[in-house]
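Before any comments, here is the structure.
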Amino acid sequence: VLQAVAWLYTWVMRAVPTLVQLIFWFNLAALYPTISIGIPFGPTLASGSANILITTWTAAILGLGLHEAAYMAEIVRSGIQAIDRGQSEAGLALGMSRGLVMWRVVLPQAFKVIIPPTGNQVIGMLKLTSLVSVIALSDLLYSAELIYSRNFLVIPLLVVIVFWYLVLTSLLMIGQHFLE
């Protein structure tokens with residue numbers, strides 16, 4: 001059951017564009033005006049208005065976080081599957097538990113496979129943050145949009161945005177290089 005739920009989650013989050021997910025989370029109150037936490041078919045432990053609970057920050061964190069988590073799950077899965085099964089069998093033959101084999105044998109080797117695409121995902125997520133301007137969250141792009149809507153200097157402000165994204169992604173790329 002858990003494997004099916006995990007597959008469904010990664011399938012939906014990877015198949016639906018990030019912008020659509022952001023807009024969905026931002027407008028969740030239209031579908032669920034009240035968000036409640038409690039025991040199914042039993043008492044409600046906590047309840048609140050979706051308009052109050054799902055702010056632009058919450059929508060951005062949910063949209064970007066759930067989207068990126070699905071990709072990271074696939075990166076980790078592929079990293080673990082890249083390790084030869086014989087490594088696990090050797091650890092089990094030495095009397096190690098499955099958890100200890102995973103922790104001491106498989107994961108240290110898998111990190112060599114996991115780290116490069118993880119760095120790429122972090123850089124990609126930094127660039128995806130520009131999408132939150134659609135739900136009126138104040139990021140770099142949204143701030144520039146506010147300014148150039150008043151002074152009509154669109155191109156110069158877009159050049160400034162490009163410069164800052166180049167600086168930030170370059171710093172992340174340098175960090176990724178040293179981490180690898």
Side-chain angles (χ1 to χ4, degrees), residues 5-32 35 48-83 106-180:
V5 170
W7 180 86
L8 181 68
Y9 166 74
T10 56
W11 172 63
V12 169
M13 290 297 152
R14 292 176 66 203
V16 178
T18 312
L19 182 59
V20 174
Q21 291 180 40
L22 286 169
I23 294 170
F24 172 80
W25 289 111
F26 184 67
N27 293 299
L28 187 66
L31 185 60
Y32 294 108
I35 297 176
S49 170
N51 283 326
I52 294 171
L53 295 173
I54 308 293
T55 63
T56 54
W57 273 99
T58 309
I61 290 169
L62 284 170
L64 294 174
L66 292 174
H67 174 79
E68 291 300 316
Y71 280 96
M72 281 305 304
E74 286 298 300
I75 289 170
V76 171
R77 181 194 58 77
S78 68
I80 291 171
Q81 286 182 341
I83 305 308
V106 176
L107 285 179
Q109 296 177 64
F111 278 131
K112 288 183 180 181
V113 177
I114 293 171
I115 287 175
T118 299
N120 293 337
Q121 278 302 116
V122 170
I123 291 167
M125 188 166 160
L126 172 68
K127 294 187 292 184
L128 280 177
T129 59
S130 64
L131 293 177
V132 300
S133 65
V134 171
I135 60 172
L137 185 61
S138 184
D139 73 317
L140 185 60
L141 179 61
Y142 186 74
S143 299
E145 287 173 348
L146 289 176
I147 295 168
Y148 71 61
S149 67
R150 284 186 235 136
N151 66 10
F152 304 109
L153 298 173
V154 177
I155 300 300
L157 284 166
L158 289 176
V159 169
V160 169
I161 292 171
V162 167
F163 170 77
W164 280 110
Y165 275 115
L166 283 172
V167 168
L168 294 172
T169 55
S170 297
L171 289 173
L172 287 173
M173 290 166 80
I174 292 168
Q176 179 184 2
H177 172 74
F178 285 112
L179 190 59
E180 288 177 10

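Treat the numbers as computed from the prediction; the structure is a model and nothing was measured. Heads up: numbering here begins at 1 and tracks the sequence.
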Do [X] and [Y] touch side chain to side chain, with heavy atoms closer than 4.5 Å?
X      : Y      : value
Asn151 : Tyr148 : yes
Leu141 : Trp164 : no
Val132 : Trp57  : no
Phe178 : Ile174 : yes
Leu22  : Val134 : no
Leu28  : Leu62  : no

What's the shortest heavy-atom distance between [X] and [Y], and which atoms?
X      : Y      : value
Asp139 : Ser130 : OD2-CA, 3.3 Å
Val16  : Gln21  : O-NE2, 2.8 Å
Met173 : Ile123 : CG-CD1, 3.4 Å
Ile115 : Glu180 : CG2-CG, 4.0 Å
Ala70  : Arg14  : CB-CG, 4.1 Å
Gly79  : Ala110 : O-CB, 3.4 Å

Requested in this report: Please indicate whether Tyr9 has more than 12 foreign heavy atoms, meaning atoms of other residues, nucleotides or ligands, lying under 6.0 Å from its OH.
Outcome: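 For Tyr9, atom OH is crowded (more than 12 foreign heavy atoms under 6.0 Å).
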
Mind checking the [atom1]-[atom2] spacing from [X] to [Y]? Nearest 0.5 Å is all I need.
X      : Y      : atom1 : atom2 : value
Ile80  : Gln109 : CD1   : CD    : 12.0 Å
Phe111 : Ile114 : CZ    : CD1   : 6.0 Å
Leu131 : Leu137 : CG    : CG    : 11.5 Å
Phe26  : Ile54  : CZ    : CD1   : 11.0 Å
Gln176 : Thr118 : CD    : OG1   : 9.0 Å
Arg150 : Leu146 : CZ    : CG    : 6.0 Å

Query raised in the report: For the side chain of Gln121 and the backbone of Glu68, is there at least one donor-acceptor N/O pair under 3.5 Å apart?
Result: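 A pair under 3.5 Å: no.
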
Report task. Could you tell me whether a side-chain N or O of Tyr142 sits under 3.5 Å from a main-chain N or O of Ile135, the two making a donor and an acceptor? Result ->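 Between the backbone of Ile135 and the side chain of Tyr142 there is no qualifying donor-acceptor contact (under 3.5 Å).
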
Requested in this report: Output, in order, the C-alpha distance, side-chain angles, deciding distance and verdict of side-chain contact (heavy atoms from CB on, under 4.5 Å) for His67 and Leu128.
Outcome: CA-CA 10 Å; His67 174 79; Leu128 280 177; 4.1 Å; yes

Requested in this report: Report the residue from Leu64, Leu172, Asn120 that forms a side chain to side chain contact (heavy atoms under 4.5 Å, CB included) with Met125.
Outcome: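 The option that passes is Leu64.
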
